[in-house]
Amino acid sequence: MNRIAQGLTLVLLGAAALTSTIPTDLYLNWVKAGFGPFLIGAGVVMVVLGVLVIAAELRGEQQALDEEDVVPAVATAGEPGHVGDHVDASTHREEHGEGHGHDHSRAPRVAWLLLLPVLAVFVVAPPALGSYTVESTGGSSGPPPRDERGPSKFNDALAEAGPGEVVELAIQEFVMRAWIDEERELADREVELTGFAVPTEDGQGWYLARLQMACCAADAVVNKVLITDQPAPETDSWWRVRGTWVEPEGELDEVSQHELAVLEMEEVVNPPDPYE
Amino acid sequence: MSERTTPGSAPSTSLGDSLAGGWDDRGDELPPTDWGRRTGSRRTGTVWLFALFITAMAFGHAWLSDELTGQAFLAWATIFTAISFQAMPFLVFGVALSAALVAFVPTSVYRRFIPDDPRKAVPVAGASGALLPGCECASVPIAGSLIKRGVAPAAALTFLLAAPSINPIVMIATAVAFAGQPEMVLARFAASLLASVVIGWVWVRFGRTDWLRLPSRTHTPGASKWRVFRESMLHDIMHAGGYLVVGALAAATLNVMVPREWLLAVAEAPLVSVLVLALLAIVLSICSEADAFVAVSLTDFSPTAKLAFMVIGPIVDLKLIAMQAGVFGWRFVARFAPLCLVIGLLSTFLIGAILL
C-alpha cells in the first residue's frame, strides 16, 4: 500500500466516521450516544492526517525521506537481524509475503482492510440489532444477579412516582424489578414500556423486547417481556405499551420470563436511540 | 445474502491487493534510477483505483443497500461496524499519544522515571497502567513506542496489559456493573495487576528481544518533530488499524455464529465454566470498559468465572492478538498470548479463591 493509498484510506475512514455522526444518527445503531463526540474527533483527525500525508507525498517530500531513510537505518541498526533486512530489502519483502518489511513508506496489505468499515457504513449501513438477535439469543438470560442491597436499591422512575401514577420504565428496569424486588412494589402498578415486537418460538404470544448496550452492539444484552393478551404485531415494529405486571406465584427468581397484561398499546416510529 | 455483498466488497479489496502487489513486484525489478517515474505512475494508478472504489460504493449505496436484508448478515455487519467504530476513537487517541511520545518526549525522560533494572521497572509499569484511561486498542501502539524509546520490553508489555485492565474508567465501570459487590472490583484490580506484573517478570527471565519485531524508525535526524509525529501516526494507524479490522471480523463472526445456549449448558461445571468464560472473553473481544456489563449479565456463572472473563478479556482477545501481531509480529504473539492466558487464569483462580 503506497502513501497515496494510505492517505486516501484515512480520508475515507474519517469521512465514514463523520458521516455516521454529524449528518445522520447512524452511529447510534452501533455504539453508545456518548461515543459521538469521540467519533467526530477521531474522524477529523483521520481526515486531516490523510490530507497531510497526500499533500506531503504530492510535494515529493517522500522521495527525499526514502533515500535518507535507508542510510541511517542501516547505520543505527544495532540489533541482530536488522542489518540484513536493509541490505536486501527485496528478499526481505518476499519472505514476509507482504509489502511491509522495514520500508517505512509502505503499509502492510492488511491495511487495505481499513476500507471494510468504509464499505459497511456507505453501502450496508447496518441497522440496529433487532428481533434476529433476540430470537437467536434464545431462552431467557435468567434473573439478573441478586445482591444484598437495601430497599432503596432501585433508582428508577417507580421509586419516585406517587401511587396511581403511570410509570415509564425501561424494559431492563422492568425485568430487574420483576426478578429481584422481593417487596414486589411493581405489583398493580401501571407501567409504560417501549420496545420492538419479537415472535416467540412456540407462537404463544409475543415479546416486547429492547436491547441494552453498555458500550457497543457487540455487548448487547436482551431484555424482553412476554405479552399474551394481544395479537402479535409485525416483527420489529416499535410499540409503546401501557400495562401491568402479571405477578407470578412462588419465588421470583424461579420465573423463566415475566409477563405484562396490556391495557393500551400504540405503535411508535423508531425511537432515535434503539438501545436502552 | 452474503453472496450478494461479495461483488461489492471482496473484489474491491482483493483487486486492490493484487494491483498493489503488481506494483510492488514491478518496483523491485526496476533499478533505483527509475524510482521517480515509477512513483508517478503508481500515484496515478492509486488515485484511479480509489476513484473506482468510490464510484462502486456510490452504485452500491444506490442499488445494493435496500437489497441487503438477510437478518444474520445484517446482525453480523452491525456487530462488525460496532466493534470497529467503538475502537476507532481509542485507536486514534492511542496512536496520537504514542506518536507524541516518539516525536516530542526525549529519551532521557523515560530514563528518569522508569528504573533501569527491568525487574524493578515491571511493577512501576504495572502501577502506571492504572493512570491511563483507554482500552486495549490504545495501549498496543503506546507499548510499541515505549519499547522504541528504550524502555525495557518487559516493562512496556506489563504496561500494555495493565493499562486496559485496571485504569480508572474500567474500575468505575466494574463498580457500576457489580453494584453492591465491591469485592468483585477489588478482585478484578488485584488479579489483573498480579497477572500483568507476573507476566512482565516471566518476560524478564525468559523473553528474547528477537521475538519482538519493531521497526527501528530512526527517521532522518533533520526531520521536524511534526513530520516525525505525522509519520509515526500514519505508520501505527495502518499497522494496528488493519489488524483491528481483522479482529473485528473474527469477533463479529463468532459473536453471531456461536449460540449462547452452548455456554449456558456448561455454566454448572465449576472448572469448565471458568475456562469457558475465559474463552468467551477471547472470542468476543469486547472493549475492557464494557466487559463488566457483559460479565454481570452472565448470571448462571460463578463469580470466579466472571472474574476470569474480566481478567482475560483485556489481556488476550482476538482483536488484541491481531493488533499485537501487527505491531510486534507473529513470532511474538505466538509466545505472548498463551503466556498471558495461563498466568491470567492462575491469577484468577488464586484471587478468586481468596476474595470471592
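Order of the sequence lines fixes the chain letters, A, B, ..., with proteins taken first and strands second; residue numbering starts at 1 for each chain. Computed over heavy atoms, backbone and side chain alike; hydrogens, waters and symmetry mates excluded.
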Applying side-chain hydrogen bond (donor to acceptor under 3.5 Å, both in side chains) to B:Arg331 and not counting sequence neighbours gives none
Please identify, among A:Met46, A:Lys32, A:Met213, A:Gln212, the residue contributing the most non-hydrogen atom pairs under 4.5 Å to chain B.
A:Met46
Any idea which of A:Leu10, A:Leu49, A:Ile40 has the most non-hydrogen atom pairs under 4.5 angstrom with chain B?
A:Leu49
The interface call for B:Ile237 against chain A, heavy-atom contacts under 4.5 Å, is both
Residues B:Lys319 and B:Asp317 bridged, charged N to O under 4.0 Å
no
Identify which part of B:Leu249 has an atom lying under 4.5 Å from any heavy atom of chain A, answering side chain, backbone, both or neither.
side chain
Pair count under 4.5 Å, heavy atoms only, with chain B: among A:Gly130, A:Gly43, A:Pro127, A:Gly7, highest is A:Pro127
Among A:Leu52, A:Val123, A:Ile4, A:Leu129, which residue forms the greatest number of heavy-atom pairs with chain B at distances under 4.5 Å?
A:Val123
I'd like to know which of A:Val45, A:Val31, A:Leu39, A:Leu12 tops the heavy-atom pair count under 4.5 Å against chain B.
A:Leu39
Is the number of heavy atoms from other residues, nucleotides or ligands under 6.0 Å of A:Phe38 CZ greater than 12?
no
Between A:Leu13 and the options A:Leu18, A:Val118, A:Val121, the side chain to side chain contact (heavy atoms under 4.5 Å, CB included) test singles out A:Val118
Toward chain B, the part of A:Ala5 with a non-hydrogen atom under 4.5 Å:
both
Relative to chain A, which segment of B:Ala96 carries a heavy atom at a distance below 4.5 Å: side chain, backbone, both, or neither?
neither
Please classify the contact of B:Phe59 with chain A as side chain, backbone, both or neither, using a heavy-atom distance under 4.5 Å.
neither
For A:Thr9, what residues pass the side-chain hydrogen bond (donor to acceptor under 3.5 Å, both in side chains) criterion, not counting sequence neighbours?
none
Any salt bridge linking A:Glu135 with A:Lys224? Criterion: basic side-chain nitrogen under 4.0 Å from a carboxylate oxygen.
no
Please classify the contact between B:Phe85 and chain A as side chain, backbone, both or neither, with a heavy-atom cut-off of under 4.5 Å.
both
Between A:Trp30 and A:Pro126 (side chain of the first, backbone of the second, donor and acceptor by atom type, cut-off under 3.5 Å), is there such a pair?
yes
Relative to chain B, which of A:Ala217, A:Pro117, A:Ala17 shows the most heavy atom pairs under 4.5 Å?
A:Pro117
Which answer fits B:Thr78, side chain, backbone, both or neither, if we ask what part of it has an atom under 4.5 Å from a heavy atom of chain A?
both
Exercise: do A:Asn223 and A:Gln172 side chains pair donor with acceptor under 3.5 Å:
no
Do A:Tyr132 and B:Val256 make a side-chain contact, defined as non-hydrogen atoms from C-beta onward lying under 4.5 Å apart?
yes
